[in-house]
Amino acid sequence: MPLRFGIQLAPTADDLENVRDLARRADRDGLDLLGIQDHPYATAQVDAFSLITTVLTETARLTVFPDVASLPMRGPAMLAKIAASLDRLSGGRFDLGLGAGGIRRAIRSMGGPDRTDRQALDALEEGIGIMRAMWRSPGERVRRSGDYYSVDGVRGGLAPSRPIEIWVGSLGPRAHALTGRLADGWAAPIPHYLPYEKWSAAQDRIDAAARDAGRDPADVLRMAQLVGLVTDGPAEQLRLEGETPIR
């Protein structure tokens with residue numbers, strides 16, 4: 001895969017003009033990707049998809065994605081419709097970062113489901129199946145029955161302009177296996193949640209699961225999300241340890 005570069009931004013309500021300016025500069029200066037954090041329950045943040053729509057209208061090159069969308073807060077059939085709509089409206093510049101939902105108390109506080117980690121991953125697998133069925137079956141009735149998500153005869157579509165990729169934000173071994181088996185990419189958590197020392201083992205688990213599923217591991221995009229600062233002068237020697245910021 002070609003190497004691509006991008007930035008991630010938080011949709012902070014008090015800083016929206018700066019966020020939009022950074023997105024336009026990233027587009028103008030040749031970056032490839034722009035991730036927008038999605039925390040619907042965060043009081044200080046606007047809705048990620050509303051900001052993504054705005055940013056897509058103000059840019060021309062960037063692929064924009066939620067980093068990562070909280071599936072428990074949106075049904076998969078509706079999320080499939082949103083994703084396909086953004087793909088069409090942007091000329092194919094939207095992909096879907098997707099997560100099982102990592103902050104149980106916050107999800108529950110907003111009326112979302114209270115699921116264990118295992119249940120959340122099982123629900124994510126069901127949700128991915130529904131979304132892909134919706135995208136590939138325009139006009140046809142889609143029926144899927146699961147423990148967490150079901151659709152009963154909804155007509156598939158809107159079909160996206162090209163295959164929308166699903167990049168899973170996965171943290172633990174079981175989630176890595178799901179990523180290798182089903183996802184188009186891995187949106188690796190920032191080092192605060194997954195220290196650098198654990199990246200290699202995570203990659204190995206994704207590779208192994210992809211092979212077991214009959215897939216080429218190289219077909220699973222890997223996204224390294226680095227945290228740090230751009231300094232005015234020389235910085236100390238780079239140490240990829242723990243969550244040490246890159247300067």
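These numbers come from the heavy atoms of this one structure, side chains and all, not from hydrogens, waters or symmetry mates. Index from 1, following the sequence.
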**Prompt:** Would you find a donor on one side and an acceptor on the other, under 3.5 Å apart, between the side chain of Trp167 and the backbone of Ala183?
**Reply:** no
For Asp67, is there any backbone N or O sitting under 3.5 Å from a side-chain donor or acceptor partner on Asp38? no
Nearest heavy-atom contact between Ile164 and Asp184 is O-OD2, 4.0 Å
Problem set entry | Polar contact flag, side-chain donor to acceptor under 3.5 angstrom, Asn18-Asp21 | no
Exercise. When you check the side-chain N and O atoms of Glu243 and His192, is any donor under 3.5 Å from an acceptor?
Worked result: yes
**Asked** Does the salt bridge (Lys or Arg N to Asp or Glu O under 4.0 Å) test come out yes or no for Arg20 and Asp15, once each step is laid out?
**Response** CA-CA 9 Å; Arg20 292 167 64 184; Asp15 197 33; over 6 Å; no
* Taking only Lys NZ, Arg NE, NH1 and NH2, and the carboxylate oxygens of Asp or Glu, determine whether Arg155 and Glu140 approach each other closer than 4.0 Å. => no
| Are any of the side-chain nitrogens in Arg144 or Glu126 under 4.0 Å away from the carboxylate oxygens of its partner? | no
Legend entry - Side chain Ser137, main chain Met134, donor-acceptor under 3.5 Å: no
- Does the cation-pi check pass for Arg4 over Phe65, that is, NZ or CZ under 6.0 Å from the six-membered ring centre and within 45° of its axis? no
Those residues at least two apart in sequence (or on a different chain) that pass side-chain contact (heavy atoms from CB on, under 4.5 Å) with Arg239 are Glu241, Thr244
Has the side chain of Ser50 got a donor or acceptor atom that lies under 3.5 Å from a matching backbone atom of Val46?
no
Excluding Val227, membership of its hydrophobic cluster (Ile, Leu, Val, Met, Phe, Trp, Tyr; side-chain heavy atoms within less than 4.5 Å) reads Leu171, Trp186, Ile190, Tyr193, Leu194, Tyr196, Trp199, Ile206, Val220, Leu226, Leu238, Leu240, Ile246
When you check the side-chain N and O atoms of Asp147 and Gln119, is any donor under 3.5 Å from an acceptor? no
For atom CZ of Arg105, is the number of surrounding heavy atoms from other residues, nucleotides or ligands below 6.0 Å larger than 12?
no
(request) Taking atom types as modelled, find out whether Thr116 and Arg104 have a side-chain donor-acceptor pair closer than 3.5 angstrom. (result) no
On a heavy-atom basis, the closest approach of Pro40 and Arg74 is CG-NH2, 3.9 Å
Here the ring-ring contact (aromatic ring centres under 6.0 Å, His included) pairs for residues 74-125, sequence neighbours left out, are none
Are Asp95 and Thr63 close enough that a side-chain donor and a side-chain acceptor fall under 3.5 Å? no
Shortest non-hydrogen pair, Leu71 vs Gly127, comes out as CD2-CA, 4.3 Å
Arg211 and Pro217 have their tightest heavy-atom pair at CG-CG, 3.7 Å
Next on the checklist: Donor-acceptor check, side chain of Thr231 to backbone of Gly233, threshold 3.5 angstrom: yes or no?
Outcome noted: yes
Review point. For Ser90, does its backbone N or O pair with a side-chain atom of Arg93 as donor and acceptor, under 3.5 Å?
Key: yes
Tell me whether Asp29 at atom CG has more than 12 heavy atoms from other residues, nucleotides or ligands lying less than 6.0 Å away. yes
Taking every heavy atom of Asp27 against every heavy atom of Arg61, the minimum-distance pair comes out as OD1-N, 2.6 Å
**Message:** For the backbone of Phe5 and the side chain of Asp32, can you confirm whether one donor and one acceptor N or O come within less than 3.5 Å of each other?
**Reply:** yes
Q: For the pair Gln37 and Leu9, evaluate side-chain contact (heavy atoms from CB on, under 4.5 Å) and give the outcome as yes or no after the intermediate values.
A: CA-CA 6 Å; Gln37 295 179 19; Leu9 299 172; over 6 Å; no
